[in-house]
Amino acid sequence: MKVQLKDLAVPLLLTLALLFVLEIFATTVLPIIGLHRYVIPFNILIVLYMGFKLQTPYLAILIFIVQYFHHFFTVEGWEMGTVAGVVICLLISYLRDVIHFSSAAMTVFVTQVFQCVWFFIVSLLLYSKLGDMSFILDKFWRFIPESIIISLMAPFFFSILDKFWTGSDEASLGEGL
Amino acid sequence: MKLMEAEGKKLKIFINIFVLALSLYTVSKREYNFDRMSVFEQLMIESFAPIQRLASSTQLSLGSLFDHYLANVSASKNNLVLRKKMEELESRLFTYEEIQLENVRLKDLLDFSSDIPHKKVLAQVVAWDASSDFQTLRINKGLTDGLSLQSTVVTAKGLVGYVYRLTDHFADILTILDPNNRTDVLVHRTRSHGILEGYHDGRTLMKYVTRTEPVILGDEVLTSGLGNIYPKGIPIGAVGRIERESYGITQYVEVIPGVDFSRLEEVLVLVRPNDEDRRKEWQALDMSDVEGGGE
């Protein structure tokens, strides 16, 4: 889908509202039910959706806005996620012809693959800052269940985000791209 | 049409390079000691945090409703079993009352925070960090309650961390479980110094303890007071694992924190009376850095 600047404001606000609800869920509800060690990174899901489905010159700015919004809920900051998001979107732009969301299983698979790329980029940046490999290793063990949950949820959330960005669910799972 | 597409591509390349460069510059400049937020950032957190608090309390209330009403379907069956148990427990009660009285006396003797010459602010945990990479908590007290950046946060069981970022009514606490939180500590029995860092699985690592130090399992670890953040003598936890090789100059010491971070609901923030002086010291240091850089 080709998205112009004037078309971005409303879907972006809706997307931020969704991210806001999901962040509240991840930071309050999940810890109360005992999930302290694992936090579901919904920001990654939204950034990946943007990379997969939006074709606009302003994509990097959209990713920055999502990450900036995310940093109100974490001390992680917005920078590393923005770098990872923009690099992944560049990769996707080159691979767009071979990426297809023909089924929910494909959506889950592709999301998982690009989450691995995300993990690699963020780990590289974290290692450059902290110089501690054990932290990255620990992050990797958390990444496995967290990323699988995100990938499994991707078809559902992508269909919701399709409605925000296209106004209908016709392009659900990427058909028509 | 082709001209417009070419223009779009140029714009995309420019924006991508600009956003990447800005992000990488910010990554390189980011310090994990504390974070001074802009007015906008403070305003946003001030807006979101009450909703997080509301979600936390709603969840707790719903849990209570479920426990007390909805889960009572099999209450009559349980009632018979519980009656028998009650008779048994009543006999134990007398013993426990004695222990409780003893406990109150011992608590008075210990009275954890009475020796610390700080203003104490009681705060409630309202949320946890949105990334599992960072071990931070959000509490419902901020600047208006007298908190300042790097104020120490404790519970009766020991050290929790320090105030990492701050708004008028909320604060984010960087806990000792976070690898970015480095605390100068000492072993109570041997007075051996080391630097405590967050590790994983709710454990912490005491680094730079020389191999010859006779640290043993169960040794109590306290803050040393060095580093100008934590007061001296706050308990942290106990040594839970030691690996001492026949070579090298340091030993591997794992510390299990006394605080159960998974059950943390209330914390105590210690605000130093001279925090204002400390802020001025930081400002003076910042100014000297700027002047030094300009030369």
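Proteins come first, then strands; the chains are lettered A, B, ... in the order of their sequence lines, and each starts at number 1.
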- Nearest 0.5 Å please: distance from the CD atom of A:Glu23 over to the CD1 atom of B:Ile51. 13.0 Å
- Query: Are the side chains of A:Phe73 and B:Met44 in touch, meaning some heavy atoms are under 4.5 Å apart?
  - Reply: no
- Query: Looking at A:Pro41, A:Gly85, A:Ala60, which makes the most heavy-atom pairs under 4.5 Å with chain B?
  - Reply: A:Ala60
- Ranked by heavy-atom pairs below 4.5 Å to chain B, first place among A:Leu125, A:Ile24, A:Ile63 goes to A:Ile24
- Atom group of A:Ser93 that falls short of 4.5 Å from chain B, counting heavy atoms: side chain
- Message: Please classify the contact between B:Thr136 and chain A as side chain, backbone, both or neither, with a heavy-atom cut-off of under 4.5 Å.
- Response: side chain
- Contacting moiety of A:Phe25, where chain B heavy atoms sit under 4.5 Å: neither
- Heavy-atom closest pair (A:Thr27 atom, B:Gln52 atom, distance to 0.1 Å) is OG1-NE2, 2.8 Å
- Check whether any side-chain heavy atom of B:Ser23 lies under 4.5 Å from a side-chain heavy atom of A:Gln67, and answer yes or no. no
- The residue among B:Leu22, B:Val19, B:Leu24 that forms side chain to side chain contact (heavy atoms under 4.5 Å, CB included) with A:Val83 is B:Leu24
- Atom pair OG1/CE of B:Thr26 and A:Met80 - distance to nearest 0.5 Å: 10.5 Å
- Message: Angle between ring planes, B:Phe40 versus A:Tyr68, binned at 30° and 60°: parallel, tilted or perpendicular?
- Response: parallel
- By a 4.5 Å heavy-atom criterion (distance strictly below it), what part of A:Phe72 contacts chain B: side chain, backbone, both, or neither? both
- For the student: nearest non-hydrogen atoms of B:Asp172 and A:Val75, plus distance: OD2-CG1, 4.2 Å
- Closest-packed option against chain A by number of heavy-atom pairs under 4.5 Å, given B:Leu205, B:Leu11, B:Val27: B:Val27
- Note on the structure: Okay, B:Val125 and chain A: the region with an atom under 4.5 Å from a heavy atom over there is neither
- Task: List the steps and the verdict of side-chain contact (heavy atoms from CB on, under 4.5 Å) for B:Tyr199 and A:Asp138.
- Result: CA-CA 9 Å; B:Tyr199 191 41; A:Asp138 187 43; over 6 Å; no
- For B:Ala130 and A:Thr74, which heavy atoms make the closest approach, and how far apart are they? N-CB, 3.9 Å
- Non-hydrogen atoms of A:Pro57 and B:Ile15 that approach each other most closely: O-CD1, 3.5 Å
- Hey, does B:Leu54 have a side-chain heavy atom less than 4.5 Å from the side chain of A:Thr28? no
- Message: Counting heavy-atom pairs closer than 4.5 Å to chain B, which one of A:Trp141, A:Trp78, A:Tyr38, A:Phe143 comes out on top?
- Response: A:Trp78
